[in-house]
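Both backbone and side-chain heavy atoms feed into the values below; hydrogens, waters and symmetry mates do not. We count residues from 1, following the sequence as given. Quantities reported herein were computed from a predicted structural model and do not represent experimental measurements.
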Amino acid sequence: MPIFPDHYAINFYIRNDVKRFSRRILSQVPSFGDTLVFNKQRYRIHSVEWCLDYNATNREYQALINIEMIKAMGE
């Protein structure tokens, strides 16, 4: 059983860049098409990948999620 069952460990990536951009622990998971803001720069969610393996989060959080973003143009 997870220590924080109402939270998700989320890794954020910029599309076509292999290194992790950011990691956040959130109680809700953003959806495809949502707009996120990091340091005054807007990004749109391009894909959401749920990693549901038992050991994916070291039993701390409900699931590990990888989100790929693209820079939002003209906003």
Transitively linked via ILVMFWY side-chain contacts under 4.5 Å: Val48 with Phe38?
yes
Sequence neighbours excluded, the answer for salt bridge (Lys or Arg N to Asp or Glu O under 4.0 Å) partners of Asp6 is none
Mind checking the CD1-SG spacing from Ile65 to Cys51? Nearest 0.5 Å is all I need.
8.0 Å
Report yes if the side chains of Pro30 and Leu36 come closer than 4.5 Å at any heavy-atom pair, otherwise no.
yes
On a heavy-atom basis, which atom in Trp50 and which in Ala63 lie closest, and how many Å separate them?
CE3-CB, 4.1 Å
So how far is it from Ile67 CD1 to Phe12 CZ, rounded to the nearest 0.5 Å?
4.5 Å
I want to check something: taking the side chain as every heavy atom from C-beta on, are His46 and Met69 in contact at a cut-off of under 4.5 Å?
no
Any chance you could measure Ser27, atom OG, to Gln62, atom CD, to the nearest 0.5 Å?
11.0 Å
Qualifying residue for side-chain hydrogen bond (donor to acceptor under 3.5 Å, both in side chains) with Asn11, from Arg24, Arg20, Glu49, Glu68
Arg20
Give me the atom names and distance for the closest heavy-atom approach of Phe21 to Tyr13.
CB-CA, 4.2 Å
Arg15/Asp17 ion pair, N-O < 4.0 Å
no
Any idea which heavy atoms bring Ala9 and Arg23 closest together, and the distance?
CB-NH2, 3.4 Å
Taking atom types as modelled, find out whether Arg44 and Thr35 have a side-chain donor-acceptor pair closer than 3.5 angstrom.
yes
Side chains of Ile14 and Ile70: does their closest heavy-atom pair fall under 4.5 Å?
no
